[in-house]
Amino acid sequence: MSQVELLAPAGSYESAFAALNAGADALYVGGKLFSARANAENFTQDQLIEVMDYAHLHEKKIYLTINTLLKDNEIQHELFSFLEPLYCAGLDAVIVQDFGVMQFVKEHFPNLHIHVSTQMTVFGKETVKALEEFGVSRVVLPREFSLDEISDIRKNSTLEIETFVHGALCYCYSGQCLMSSFIGGRSGNRGRCAQPCRMEYDYFEKKTKVNDTNQTYLLSPKDICAIKILPQILAAGVNSLKIEGRMKKTEYVAGVVHIYRKYLDLYQNHPKEYHVCERDLQNLADLFQRNGFHESYYNQHHGKNMISLYKPQFRIENKELNEFLRREYIGIKRKVPLNISVTCVAGKPFQIETEIAGKTICVTGQNPSPAKNTPLSEETLRRHIGKLGNTFFSICKMTCDFEEGLFLPVSAIKDLRRALIQQVETEMLSKFRRTDMVRDDKAFVNQMKTAAHDNQKKLRIHCLVWNMQQFSIIIKQPDIQRVYLETVQFSSQELKQCITLAHKKRKEIYLAMPYVFRKDDAKRFSEKSAAVLSQIDGALIRNIEQYYYFKKNQVAFHCIFDYNVYTMNQYAKQFLQDMKADTTAPLELNHHELKELGVSDMELIIYGYIPVMVSANCVKNTFGRCDHDNRMIALKDQKNNLFSVQCVCEYCYNLMLNCHPLSLLKYSDMIHKLHPASLRLIFSQESEQQIEKILGCVRRAFLANETVEDEAYSTRGHFMRGVQ
């Protein structure tokens, strides 16, 4: 059986050493910049290098999280200087979400492994295949994936596969959540999630409250604990078992690693004896849990058993367990044992020698002289050589060729001891050191900026609609050049009708793809839409897997990536445009940042209820009310904000819309100065009267250059405030 990696979180200096001591094969850590856990303690540069050296000396690995979306100024002016010293010191890999960061790392740090974060939301084997061709070495799959999906990817790729086995679970597909960002200005994509899924909500159907008063944690999943099914996970082809918890206490990290190490070793050495004892399960629960555990999505698509629902109970400290962890793993730096030989005889230089990986390291000093007063004793010599203090090393065995009656200054002994340890450390770490960075990226940036500002086409207006009633209104509007059909909301017959009518009206017609596109979804989509693919003008792509699905099936039409295929910097924008597709302007940049990015070749969303969560779990299913009817339900938060939730039963996911629609109609002057290639209006739950009113405002604001006011219930999103 090949070696499987146990990967642990380290949100602090103390927890890093504790996790390695407890048996982690690798750590994922964050620096002071670009980490998806910006509120963790995280590491200074010096701390990162020290932890890295410690790990390498003990044959472990360190992965750095750069799993956030970066803005232009960050990727152009900060990323290289942030990574350079860590790359030189031997960083094993970076974990990335952003296509631009992925491109940047490949160009500037050629020998650094790239792990694609779960935040990138890789939905299938076609994307994995493309990432492998790009040069990625590992993919962290969505936590929502089943064992069957993991196994399918393993059969079709040689990439390393990493999955989560323990810890907290987001309600939303990672990377597809804007809720914290839109309701509180704290972007999960920038590492500052305020965890709105841990807040209280009430569930309404047709204005009737469904949940009981004490069942208000509707979006708060219990923690994952997959230790019982480790054999199944490994059989599916997983290479790295990931524990979540960079925000957790050191005792949590050490304890979870300790227990998983025990059972991973048990399975790899004695697979037929694999059994998890109740005491270890209880210890895991004592370390942290939210009203119990579940085994993630490995063997189920969703379910009530995965959701906490009730207020988490207060946990009593397991003092015996914590004392054990503090005694065995915390506050300890394990030493690398050395066997050394010492020569202190007349007529020869004082010498200390050791062997590292078959290579002899020898340091020599001055010749000992005959003692005039107090001669050097062997005991004194051994004592001073053995004082390795705060180094990474200890003396396991020391042999001495020692002659009585000689003298050496204590300073000479200490100097030679330090010289040996320095050479040993240098030798052991030399294979990790690098100097092959590629420094200059200015030409690429300038070229992209020029290309982004040269193209100032006539402004086009496009609309996305959710139903036939909305389509029948939009198709009559002479100022609308393109209509997107939210595919999951239309029947096959309705799609055909819309396409025929749109072409009669000389309008472009695009399919807006599902937000989720997993292993069985391609077949589901083909059965419904294959007959119309040759008739449509293009597709609005919600994830990269859809792009490769069309490419594999040789479907030739225009593609535009939606806002949730993120292009927050010019590197990411260029990465996607190299696929011969258009892109949608990101929703988390303000107008100054959009100008810097350049949106003259991008589509800008100016109106609509923006989806803030895409979830495999289903509120209706949690309460046993699944009826597969695609009905819209509502969630109300503690501030009485009402969030509409579309149950997309065809693809079995929930789509939660923001409580207020985005509306930028008031800022038409500022938008004109950005020169976007097109504007998009999204109509999901608007009535005919509301649509007519909004269209009238759009005409006045963008075609007649009149000043209009946005409705009081709407939001400006991040157009003015941006995100940190």
Side-chain angles (χ1 to χ4, degrees), residues 11-12 28-45 48 64-83 94-102 104 117-121 168 170 172 174-199 246-247 563-573 584-599 604-605 610-613 639 641 658-660 662 664 667 670 674 715-724:
S12 69
Y28 60 102
V29 302
K32 295 298 184 182
L33 299 174
F34 316 136
S35 168
R37 290 292 181 267
N39 294 325
E41 184 177 323
N42 291 318
F43 295 79
T44 66
Q45 178 183 299
L48 276 172
L64 181 69
T65 57
I66 312 183
N67 52 342
T68 57
L69 302 178
L70 270 62
K71 300 178 184 180
D72 266 334
N73 65 308
E74 296 167 332
I75 200 168
Q76 292 169 20
H77 304 302
E78 299 179 53
L79 182 56
F80 186 89
S81 59
F82 175 63
L83 271 178
V94 287
I95 306 171
V96 305
Q97 171 188 9
D98 191 314
F99 294 115
V101 173
M102 185 173 74
F104 185 95
S117 170
T118 188
Q119 291 283 121
M120 196 180 280
T121 326
C170 297
C172 179
S174 298
Q176 300 299 306
C177 185
L178 291 171
M179 193 164 183
S180 175
S181 176
F182 266 67
I183 66 174
R186 293 172 57 182
S187 172
N189 284 312
R190 300 275 293 165
R192 293 174 171 82
C193 180
Q195 296 190 305
C197 54
R198 303 299 182 193
M199 306 302 180
R246 278 194 290 145
M247 299 290 289
Y563 66 89
N564 64 323
V565 184
Y566 296 107
T567 54
M568 196 173 277
N569 56 71
Q570 294 179 47
Y571 271 89
K573 180 180 169 184
T584 304
L587 292 172
E588 293 188 298
L589 295 183
N590 63 35
H591 63 99
H592 296 296
E593 293 162 335
L594 289 171
K595 183 178 181 180
E596 176 70 16
L597 177 67
V599 297
L604 180 67
I605 299 172
I610 303 299
V612 290
M613 276 195 184
K639 296 180 180 179
N641 292 312
N658 195 23
C659 52
H660 302 295
L662 172 74
L664 303 180
Y667 300 105
M670 298 169 69
L674 293 175
T715 175
R716 264 29 77 207
H718 294 291
F719 190 73
M720 298 302 293
R721 66 181 179 177
V723 294
Q724 290 185 346

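If you're wondering where the values come from, they're calculated on a predicted model, not measured in any experiment.
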Candidate pair Ile66 and Val101, rule side-chain contact (heavy atoms from CB on, under 4.5 Å), full reasoning: CA-CA 8 Å; Ile66 312 183; Val101 173; 4.1 Å; yes
Audit row: Phe34, Glu74, side-chain contact (heavy atoms from CB on, under 4.5 Å) steps and yes/no: CA-CA 9 Å; Phe34 316 136; Glu74 296 167 332; 3.9 Å; yes
Residues that Phe43 engages under ring pair (Phe, Tyr, Trp, His ring centres under 6.0 Å), provided they are two or more places apart: none
Partner set under ring pair (Phe, Tyr, Trp, His ring centres under 6.0 Å) for His660, not counting sequence neighbours: none
Please name the pair of heavy atoms, one in [X] and one in [Y], separated by the smallest distance, quoted to 0.1 Å.
X	Y	result
Leu48	Gly31	CD1-CA, 4.1 Å
Asn569	Leu70	ND2-O, 2.9 Å
Tyr563	Ala585	CB-O, 4.1 Å
Tyr28	Ile95	CB-CD1, 3.7 Å
Cys172	Met613	SG-CA, 3.8 Å
Met102	Val96	CB-CG2, 4.0 Å

Lys71 and Glu593 ion-paired at < 4.0 Å: yes
Arg186 side chain to Arg192 backbone, donor-acceptor under 3.5 Å: yes
Interatomic distance, [X] atom [atom1] to [Y] atom [atom2] [nearest 0.5 angstrom]:
X	Y	atom1	atom2	answer
Arg190	Leu69	CZ	CG	7.5 Å
Asn189	Thr68	CG	OG1	8.5 Å
Ile610	Leu178	CD1	CG	8.5 Å
Tyr571	Gln76	OH	CD	7.5 Å
Glu596	Asn590	CD	CG	11.0 Å
Leu587	Phe182	CG	CZ	5.0 Å

Is there side-chain contact between [X] and [Y], with at least one heavy-atom pair below 4.5 Å?
X	Y	value
Phe104	Asp98	no
Met670	Met720	yes
Ser187	His718	no

Residues that Ser174 engages under side chain to side chain donor-acceptor pair (under 3.5 Å), provided they are two or more places apart: Arg143
Intermediate values then yes/no, side-chain contact (heavy atoms from CB on, under 4.5 Å), Gln570 and Leu597: CA-CA 6 Å; Gln570 294 179 47; Leu597 177 67; 3.9 Å; yes
Verdict with supporting geometry, Leu594 and Phe719, side-chain contact (heavy atoms from CB on, under 4.5 Å): CA-CA 9 Å; Leu594 289 171; Phe719 190 73; 4.0 Å; yes
